[in-house]
Amino acid sequence: MPELPDVEVFRKYFDETALHQKIDHVWVDPGMLEGISKELLTELLVGDAFENSRRHGKHLFAALGKGGWLTFHFGMTGFLKYYKADADQPGHVRMRVSFSNGHHLAFDNQRKFGRIRHTADPRTFITEMDLGPDALSGELTQDIFIRRLLSKRGALKAILMNQSVIAGIGNVYADEILFQAKLHPKKTIADLDDKTFERLYLMMRQVLQEAIDAEADPEKMPSGFLLKTRGTNGACPCGGKMEKISVSGRNGYFCPKCQK
DNA sequence: ACATTGACCTGAGAGC
DNA sequence: TGCTCTCAGGTCAATG
């Protein structure tokens, strides 16, 4: 789930619920933490409040009033839930921040692939994690996009999913972008001409933006979106049959007629 | 140096 | 119903 559009939806949710509220208590599964102890994390949070948020690729940043940022990475199964009653607590909570207003913010992460870290500021974090520009940011112009792709070999889909090239695209949206751009996932950069790069860039931005507009909910996405019927053998609008394909170890779907 | 594969966790859902 | 097996939207260390 948590690729760029999903994390952007989480960020908005976080803004609408958890900002500007005094933190009374923190509970965390230490296995989720990296580079910070649960004692230090607790000390930093209790008595403070989240005052701001940002997103870069699949990472969510939460600014603390005293300075410093908490960072969330959701892995394959993570999400946030703001709730009051115990009955509304989700099933695999790995961190819980309790506010003085009686509500809690849970970081749920069934498979423990998510990570919570602390950083002085997002810029530093992005450098340290070797993340490329965010796929939707103004920073990633078409020229920069092309230049970054040109430095890579291997399958196009793998490059789109490489977070150090561009941050934010995972398995599902890589499939969607390639489908909309009518490109075969195993094409290489050397196969692409200028026109094709342009189309790919345009479709990447369009798919991600439309997914956010649909609140990352497949049911609300435009009818032409592949991911609405992902994995259910949904037909391509051309009438052809979607095929399963493995690219750099990840399973995906494409239309062999439309994506040459 | 770069690209690709397997291991990491856990549980939902398919298949029997 | 209940059991087993397969697979999942991500990343990184190990391998080629």
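Here is the naming used below: chain letters follow the sequence lines, and residue numbers restart at 1 for every chain.
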S.K.: Considering only the P atoms, how many Å lie between C:dT4 and B:dC9, rounded to the nearest integer?
M.R.: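 Approximately 22 Å lies between the P atom of C:dT4 and that of B:dC9.
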S.K.: Polar atoms only, N or O, under 3.5 Å: list the protein pairs with nucleotides 3-7 of chain C and their distances.
M.R.:
none

S.K.: For A:H92 and C:dA8, give me the distance from atom NE2 to atom C1', rounded to whole Å.
M.R.: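 Whole-Å distance recorded here is 13 Å.
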S.K.: What integer distance in Å separates A:M161:CE from C:dA8:C1'?
M.R.: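 In whole Å, C:dA8 C1' lies 14 Å from A:M161 CE.
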S.K.: Please test A:T71 against A:H59 for side chain to side chain donor-acceptor pair (under 3.5 Å), starting from the C-alpha separation and ending with a verdict.
M.R.: CA-CA 7 Å; A:T71 79; A:H59 295 266; 5.2 Å; no
S.K.: What is the distance from NZ of A:K228 to P of C:dG9, rounded to the nearest Å?
M.R.: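 The distance from NZ of A:K228 to P of C:dG9 comes to 19 Å, rounded to the nearest Å.
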S.K.: Would you give the length of the straight line joining atom CD of A:E210 to atom CE of A:M203, rounded to the nearest 0.5 angstrom?
M.R.: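 The CE atom of A:M203 is 8.5 Å from CD of A:E210, to the nearest 0.5 Å.
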S.K.: Can you tell me how far P of C:dT11 sits from CD of A:E128, to the nearest Å?
M.R.: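 For the pair A:E128 CD and C:dT11 P, the rounded distance is 17 Å.
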S.K.: Can you check the A:K112 NZ to C:dC12 P distance for me, whole Å?
M.R.: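 Interatomic distance, NZ of A:K112 to P of C:dC12: 19 Å.
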S.K.: Any chance you could pull the hydrophobic cluster mates of A:F254, using side-chain heavy atoms under 4.5 angstrom and chaining through other members?
M.R.: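 So far as hydrophobic clustering goes, A:F254 is joined with A:I245, A:V247.
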S.K.: At under 4.0 Å between heavy atoms, what does A:R153 touch on the DNA or RNA strands: base, sugar-phosphate, or nothing?
M.R.: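 The residue A:R153 makes sugar-phosphate contact but no base contact.
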S.K.: Could you tell me how far C:dT11 sits from B:dA12 if I compare only their P atoms? Round to whole Å.
M.R.: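 Those two atoms are separated by 23 Å.
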S.K.: Mind calculating the distance between CG (A:L160) and C1' (C:dG9) to the nearest angstrom?
M.R.: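 So the two atoms are 15 Å apart, to the nearest Å.
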S.K.: Any chance the rings of A:F72 and A:F107 have centres within less than 6.0 Å?
M.R.: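 Centroid separation for A:F72 and A:F107: below 6.0 Å.
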S.K.: For A:M32 and C:dT11, give me the distance from atom CE to atom P, rounded to whole Å.
M.R.: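 Answer to the nearest Å: 14 Å.
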S.K.: Which residue, A:A216 or A:M129, contacts DNA chain C at a nucleotide closer to its 5' end, judged by nearest heavy atom?
M.R.: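 Closest to the 5' end, via its nearest nucleotide, is A:A216.
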S.K.: Students should find this one: the first and last nucleotides of DNA chain B, 5' to 3', lying under 4.0 Å from a heavy atom of chain A. What are they?
M.R.: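 Answer, 5' to 3': B:dA3 to B:dG11.
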S.K.: What pairs meet the side chain to side chain donor-acceptor pair (under 3.5 Å) rule with one or both residues in residues 180-195 of chain A, with sequence neighbours excluded?
M.R.: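 Listed once each, the pairs are A:E176-A:Q180, A:T188-A:D191, A:D193-A:T196.
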S.K.: Hydrophobic cluster mates of A:L131, side-chain heavy atoms under 4.5 angstrom, ILVMFWY only, any path?
M.R.: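 Listed partners: A:F61, A:W69, A:F125, A:I126, A:M129.
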S.K.: For a quick check under 3.5 Å, do A:K157 and A:N171 share a side-chain donor-acceptor pair by atom type?
M.R.: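 Side chains of A:K157 and A:N171: pair found under 3.5 Å.
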S.K.: Step by step, work out the side chain to side chain donor-acceptor pair (under 3.5 Å) result for A:D143 and A:T141.
M.R.: CA-CA 5 Å; A:D143 279 355; A:T141 61; 5.5 Å; no
S.K.: Output the pairing pattern of DNA chain C as a dot-bracket string, 5' first, Watson-Crick or G-U wobble with both distances under 3.5 Å, | for cross-strand pairs, [ ] for crossing pairs.
M.R.: .|||||||.|||||||
S.K.: If only side-chain N and O atoms of A:K58 are considered, is one of them under 4.0 Å from the OP1 or OP2 phosphate oxygen of C:dT11?
M.R.: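 The answer is yes; a side-chain N or O of A:K58 sits under 4.0 Å from OP1 or OP2.
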S.K.: Within the supplied structure, the quantity of interest is the number of heavy atoms (other residues, nucleotides, ligands) at a distance under 6.0 Å from A:K81 NZ; does it exceed 12?
M.R.: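 Yes, enclosed.
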S.K.: Quick one: pull up NZ in A:K12 and CZ in A:R55 and give me the separation to the nearest 0.5 Å.
M.R.: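 It comes to 9.0 Å.
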S.K.: Please state how far atom CZ in A:F225 lies from atom C1' in C:dG9, giving the value in whole angstrom units.
M.R.: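 One finds 15 Å between C1' of C:dG9 and CZ of A:F225, rounded.
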S.K.: Say you pick atom P in C:dT6 and the same atom in B:dG6; how far apart are they, in whole Å?
M.R.: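 After rounding to an integer number of Å, I get 16 Å for this pair.
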S.K.: Verify the neighbour count for atom NZ of A:K84: are there more than 12 heavy atoms of other residues, nucleotides or ligands below 6.0 Å?
M.R.: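 Not more than 12 within 6.0 Å, no.
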S.K.: Taking the six-membered ring for Trp, are A:Y82 and A:H103 ring centroids under 6.0 Å apart?
M.R.: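 Yes, they do, as the ring centres are separated by less than 6.0 Å.
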S.K.: Mind checking A:R250 for me? I need base, sugar-phosphate or nothing, with any heavy atom below 4.0 Å counting as a touch.
M.R.: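 Since a base atom lies under 4.0 Å of A:R250, the category is base.
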